[in-house]
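Notes to accompany the following structure.
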Amino acid sequence: VVPKGFRPLMAERSIHAYKVFFFEREEDDFADPAGWPRNALACLATHDTPTFTGWWRGSDLTLRRTLGMLSEEEEAAERATRAEERAAVAELSAGAETEVEVSARLHAHIAESPCRLAALQIEDALGIEAQVNVPGTIDEHPNWRSRLPVAVDVMAEHSGFRAHVAAMRAVRPR
């Protein structure tokens, strides 16, 4: 979606790139964040993509099928691809046993990139399954209306939040 010649112009003007793990590919595999540029923001996903939990469980595919965005055949094909992607993510997160551990390790993997900035989506830290926004919908999905299940003043006590912060901090200290 980026016009030809725009990326070099961004680099020339010191505008950071946006490296979204799930979109960065080398053929059929996820790209290694170690090869991402320094002048970039590294993240797993965005507000317009499934949360890690939703992606891991495939609930985004169920939602898209329910909303008529995928046919039965398309959903089946995407589930087969997702199974392969999950296996690749599990390999990157070797030793992790729970969704929280896999997510935290994957975020740490991204944080190990040379990118100046690494982001953690709060929904991922809290293990939220529902997607913040589903592009192409208006009334079909409660876009931008979901409340966090944890109050901001006690978020640091949430086990998932702590696991993600600890994993990222271990590879990217202040």
Salt bridge or not for [X] and [Y], using N-O below 4.0 Å?
X     : Y     : result
Glu74 : Arg64 : no
Arg79 : Glu75 : yes
Glu78 : Arg65 : no

Report the C-alpha separation of Cys43 and Gln121 in whole Å, then their side-chain angles, then the decisive distance to 0.1 Å, and conclude whether the side-chain contact (heavy atoms from CB on, under 4.5 Å) test is met.
-> CA-CA 8 Å; Cys43 60; Gln121 209 173 196; over 6 Å; no

Starting from [Y], can I reach [X] by hopping between I/L/V/M/F/W/Y residues whose side chains sit under 4.5 Å apart?
X      : Y      : result
Leu92  : Phe52  : yes
Trp56  : Phe22  : yes
Val20  : Val89  : no
Ile128 : Val152 : yes
Ile122 : Val150 : yes

Around atom [atom1] of [X], are there more than 12 heavy atoms from other residues, nucleotides or ligands closer than 6.0 Å?
X      : atom1 : value
Glu12  : CD    : yes
Ile138 : CD1   : no
Arg13  : CZ    : no

Side chains of [X] and [Y], heavy atoms from C-beta outward: is any pair under 4.5 Å?
X      : Y      : result
Pro149 : Leu126 : yes
Leu44  : His107 : yes
Leu148 : Glu123 : yes

Measuring from Arg172:CZ to Cys115:SG, what's the distance to the nearest 0.5 Å?
->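 If we round to the nearest 0.5 Å, Arg172:CZ and Cys115:SG are 7.0 Å apart.
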
Matching residue for Val132 among Arg145, His47, His141 - test: side chain to side chain contact (heavy atoms under 4.5 Å, CB included) |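 When side chain to side chain contact (heavy atoms under 4.5 Å, CB included) is applied between Val132 and each of Arg145, His47, His141, only His47 qualifies.
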
